[in-house]
Amino acid sequence: MPLIENVASAQHHVTRIDQPYVRRGWLENGPGAAPRGAEPFVPVSWERALKLLSGELGRVYQQHGAEAVYGGSYGWASAGRFHHAQSQLHRFLNCLGGYVRHVNSYSLGVSAVLLPHVIGDMDWVMRHATAKTVLAAHSELVVAFGGLSPKNAAVSPGGVSRHNARTWIARARARGCRFVSISPLRDDTPSEAAAEWIAPLPGSDAAMMLALAQVLDAEGLADKDFLREYTVGYDRFAEYLRGATDGVTKDPEWAAAITGVPADRVRTLAREMAAARTLVTVSWSLQRAQYGEQPLWLGVVLAAMLGQIGLPGGGFGHGYGSTADLGEPARIPVPRLPQGRNGVETFIPVARIADMLLNPGVSYRYNGQNLVYPDIRLVYWCGGNPFHHHQDLARLRQAFACPDTVVVHDAFWTATARHADIVLPSTMSIERDDFGVGEGDRMFFPMRALTRPHGAARDDHWMFAELAGRLGVGKEFTEGRTVDEWLRHLYEDWRLVQSAAGHDLPGFDLFWASESIELPVPEPDQVLAAQFRGDPDRFPLTTPSGKIEIFSETIDGFGYPDCPGHPVWLEPEEWLGGMAATQFPLQLVANQPRTKLHSQLDVGTHSQSAKIGGREPVRLHPSDAAARGLNGGEIVRIFNDRGSCLAGLIIDDAVRVGVAQLSTGAWYDPDPADPTFCRHGNPNALTADRPASTLSQGCTGQLALVQIERYSGVVADVTVRRPPATS
């Protein structure tokens, strides 16, 4: 794949961090709140950097305690299992007494909270999802809310050994399976699917799903036996569908006025779903929005009403097309670096980092709990880039000004590194030895170093071992092992455990000399919830009732108006059907990029090849471009009342009318005079830092309302493609 070109072309790019650096103001004035992101950095030796950092860690832990440290690692496993930055950082901080942690993820913040109440733990839903080979052999209709994006299905944490997303779709289609893609983007589904494209107004999927459910209910197409034996709360939900609770029947005519999808097509689709072996799958994108719980919950409800959960080829899926590993049968676990015990119980939902830094001591609610934001004095970030993941980046920039000290390990001068006080240069995965495996992938492989580290870069384990030694916990952190000894130790311990379970695996030396080994897969033809369907008493779900919860007494008891006890239609604050669209009449869809993984290696050759005038491309429908006098290829300004950014325009009828599609991943390049203005094209200059709901506190980075115009100002250089100023 051309994505791999980014690795080699980026290794010695000028934005590689070549040695330790310290922000000049921190070096001269010491720790304290500061307007980070603008001052020059001072290059220092490893000895000085480690002395300064160990001293600051000692000060914060002694004066303020472990609850004043936020361990903000948020990295993928592409770095390998041992050098996985999150594991290394958390092990180190646990040796010092612990840290404030995050829970959930930006990708699945809503899902991780909602699904355990409704059908089961998110990891179970993901890892035991019906195998793609089973779908290829049995599905007759796949209704994909949010599509089946071929670009997302080509990536997975840790890598992909077999790219088969298009294969199972092609096989299913050749057998006669039909695909319906419900998305604002026609190319959200591979061409092999020959999918019917239905494009409701973004953010209105819940209304369409309610109308589908209403037809199933009103026409007697719901499987009453399944609902009676395997679910709870259907009667309460049905009253809402029928209008008994609010006087509004949620029929296709009602939904058509909200979604723009013709009522007849919704009605016939419901009948088609009831007449076929139907998979209802909901992409991760739908829950990354305000009230994202509702379409996700309704996906489970629709599958339950069809009565096909637990059957081959039917039921519910969450994320086919969102990641390569979904639908890959669960394989045995792999060795991991133990992280130790965290002595701090305090946590935040991951997307609430700006709220935490800006509001220490303020209370908030989350998943039935009343919590308080801690007073963070030191942020330690390793293996992630919150200035990619987070929303309303100007606000995040304000938040990063609050702590006493921000420490970042990174290989590149990302926006997060540029907003740090102490920056330590990390190696890339090709510059160190490790072993790796993709999430859900069955090929476990040695990752032998391919080249020497860039400049004075070191791996994170070396850095933490040096710091741990200075802080008196060196033996606890390293256990007296080098990296090579850790790899052998972790592998051989794992092999012994697997041998006791009946799995014959080669010794470390044979493994290290090989290209890869194939891990056992206990159930290659797995079907989600098959055991539950076969015997719900013996194999109950992990929900409070042990059944699928169409109505949740637990959630209802929380009393959250933005997430009641059963799924409903809640009008988002920013959507094309609301009043805000009169000022900002385009719906921004900030999806994942095609030319990089998140923001990783944005300076690489393949990523740069897609830029227009050095900016990230934005797609508009021809009619929307014509209405603004735009021709394509020019630099445009995208803006709303939170911020603005520049982008290069592409005109494309694969985008729904009224939609502007700008992928995430452009490194945030704020104008020094106006940090709300990103000159490179990062859509999170425009997205809102609001939670999906009180229940999940998940991120809402998928959608925002914007306006677009031709940019008439001076097009400044993109500064993030060169290092920051030094002195």
Side-chain angles (χ1 to χ4, degrees), residues 105-110 146-147 149 151-152 183-185 187-188 201-203 205 283-292 321-322 351 385-396 415 572-576 580-581 584-600 602 607 610-611 615-621 624 636-650 652 654-656 658-669 676-678 680-692 698-708:
S105 70
Y106 282 90
S107 296
L108 288 160
V110 167
S149 177
K151 59 180 174 57
N152 293 6
S183 167
L185 309 175
D187 50 8
D188 248 357
L201 290 182
D205 299 80
S283 78
W284 297 357
S285 60
L286 266 66
Q287 52 87 58
R288 293 186 71 248
Q290 191 177 21
Y291 313 132
S322 297
N385 181 12
F387 280 88
H388 161 71
H389 294 294
H390 202 71
Q391 286 65 61
D392 196 346
L393 293 182
R395 183 173 187 261
L396 181 64
E573 293 178 42
E574 295 189 47
W575 73 301
L576 294 176
F584 302 111
L586 292 171
Q587 186 84 67
L588 175 71
V589 173
N591 63 351
Q592 293 300 321
R594 298 176 184 274
T595 58
K596 50 188 167 283
L597 174 59
H598 294 303
S599 66
Q600 294 179 35
D602 186 33
S607 179
K611 308 280 187 181
R615 324 288 149 163
E616 202 69 13
V618 60
R619 293 196 295 171
L620 271 185
H621 190 273
D624 290 319
V636 296
R637 174 176 174 260
I638 313 173
F639 62 96
N640 59 20
D641 52 7
R642 279 181 295 273
S644 61
C645 69
L646 300 183
L649 180 63
I650 294 175
D652 191 346
V655 178
R656 188 198 191 280
V659 166
Q661 181 260 311
L662 174 65
S663 293
T664 62
W667 287 2
Y668 174 53
D669 191 17
T676 69
F677 175 35
C678 175
H680 192 196
N682 190 316
N684 282 324
L686 304 157
T687 53
D689 188 9
R690 71 162 68 91
C699 100
T700 59
Q702 190 75 17
L703 302 174
L705 287 178
V706 300
Q707 179 59 289
I708 292 182

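Since we're looking at a predicted model, the values are computed, not measured.
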**Residues forming a ring-ring contact (aromatic ring centres under 6.0 Å, His included) with Tyr106, sequence neighbours excluded** = Tyr74, His389, His390

**Message:** Can you confirm whether Leu703 sits close enough to Trp575 that some side-chain heavy atom of one is under 4.5 Å from a side-chain heavy atom of the other?
**Reply:** no

**Asked** What residues form a side chain to side chain contact (heavy atoms under 4.5 Å, CB included) with Glu573, not counting sequence neighbours?
**Response** Gln290, Arg690

**Asked** Who passes side chain to side chain contact (heavy atoms under 4.5 Å, CB included) against Tyr291, sequence neighbours left out?
**Response** Gln294, Asp562, Leu570

**Ser149: side chain to side chain donor-acceptor pair (under 3.5 Å) partners, not counting sequence neighbours** = none

**Request:** For Asn591, check side chain to side chain donor-acceptor pair (under 3.5 Å) against everything at least two apart and list the hits.
**Result:** Gln661, Ser663

**Asked** Which pair of heavy atoms, one from Ala610 and one from Thr595, lies closest together, and at what distance?
**Response** CB-CG2, 3.7 Å

**Asked** Shortest non-hydrogen contact from Cys678 to Trp667?
**Response** SG-O, 4.5 Å

**Request:** State which residues pass side chain to side chain contact (heavy atoms under 4.5 Å, CB included) with Pro184; sequence neighbours excluded, sorted by chain then number.
**Result:** Pro202, Val589, Arg656, Val659

**Item:** Pairs involving residues 586-598, ordered by first then second residue, that meet salt bridge (charged side-chain N to carboxylate O under 4.0 Å, His left out) (sequence neighbours left out)
**Value:** Asp187-Arg594, Lys596-Asp602, Lys596-Glu616

**Message:** Under the rule for side chain to side chain donor-acceptor pair (under 3.5 Å), what residues qualify as partners of Ser105, not counting sequence neighbours?
**Reply:** none

**Prompt:** Which salt bridge (charged side-chain N to carboxylate O under 4.0 Å, His left out) pairs, counting each pair once, include a residue from residues 385-394, with sequence neighbours left out?
**Reply:** none

**Request:** Spell out, as yes or no, whether a donor-acceptor pair under 3.5 Å connects the side chain of Thr676 to the backbone of Ala394.
**Result:** no

**Prompt:** Any luck finding a side-chain donor-acceptor pair between Ser599 and Asn385 under 3.5 Å?
**Reply:** yes

**Asked** Which heavy-atom pair separates Gly147 from Ser183 by the least distance, and what is that distance?
**Response** N-CB, 4.2 Å

**Complete:** Note: Asn682 and Phe387 closest approach over all heavy atoms is ND2-O, 3.5 Å

**Message:** In the structure I gave you, are the side-chain heavy atoms of Pro593 and Thr664 within less than 4.5 Å of one another anywhere?
**Reply:** yes

**Fill in**
d(Asn152 CG, Ser283 OG) to nearest 0.5 Å is 8.5 Å

**Message:** Rounded at 0.5 Å granularity, tell me how far CG in Leu576 sits from CD in Gln587.
**Reply:** 4.5 Å

**Complete:** OG of Ser607 to NZ of Lys611, rounded to nearest 0.5 Å, is 4.5 Å

**Request:** Measure the shortest side-chain to side-chain distance between Val636 and Val618 over non-hydrogen atoms and say whether it is less than 4.5 angstrom.
**Result:** yes

**Nearest-0.5 Å distance, CG of residue Leu286 to CG of residue Asp205** = 4.0 Å

**Message:** For Gly203 versus Pro572, what's the shortest heavy-atom pair and its separation?
**Reply:** O-CG, 3.8 Å

**Request:** Identify, with sequence neighbours excluded, every residue that meets ring-ring contact (aromatic ring centres under 6.0 Å, His included) alongside His388.
**Result:** His598

**Message:** Can you classify the ring geometry of Phe639 versus Phe584 as parallel (below 30°), tilted (30 to 60°) or perpendicular (above 60°)?
**Reply:** perpendicular

**Prompt:** Just by modelled atom types, is the Pro683 backbone N or O under 3.5 Å from a matching donor or acceptor in the Gln391 side chain?
**Reply:** no

**Complete:** dist Asp689:CG -> Leu393:CG (nearest 0.5 Å) comes out at 9.5 Å

**Request:** Assess whether side chain to side chain contact (heavy atoms under 4.5 Å, CB included) is satisfied between Leu620 and Ile708, documenting all intermediate values.
**Result:** CA-CA 10 Å; Leu620 271 185; Ile708 292 182; 4.1 Å; yes

**Prompt:** So, do Leu396 and Asn684 sit near enough that their side-chain heavy atoms are less than 4.5 Å apart?
**Reply:** no

**Fill in**
Smallest heavy-atom separation, Cys699 atom then Ala692 atom, equals O-CB, 4.5 Å

**Prompt:** By salt bridge (charged side-chain N to carboxylate O under 4.0 Å, His left out), which residues pair with Asp188, not counting sequence neighbours?
**Reply:** none

Quiz: residues 642-649 side-chain donor-acceptor pairs under 3.5 angstrom, not counting sequence neighbours:
residue: Arg642; atom: NE; partner: Leu686; partner atom: O; Å: 2.7
residue: Arg642; atom: NE; partner: Thr687; partner atom: O; Å: 3.4
residue: Arg642; atom: NH1; partner: Glu574; partner atom: OE2; Å: 2.9
residue: Arg642; atom: NH2; partner: Glu574; partner atom: OE1; Å: 3.1
residue: Arg642; atom: NH2; partner: Glu574; partner atom: OE2; Å: 2.9
residue: Arg642; atom: NH2; partner: Leu686; partner atom: O; Å: 2.9

**Message:** What's the separation between atom CG in Asp652 and atom CZ in Arg619, rounded to the nearest 0.5 Å?
**Reply:** 4.5 Å

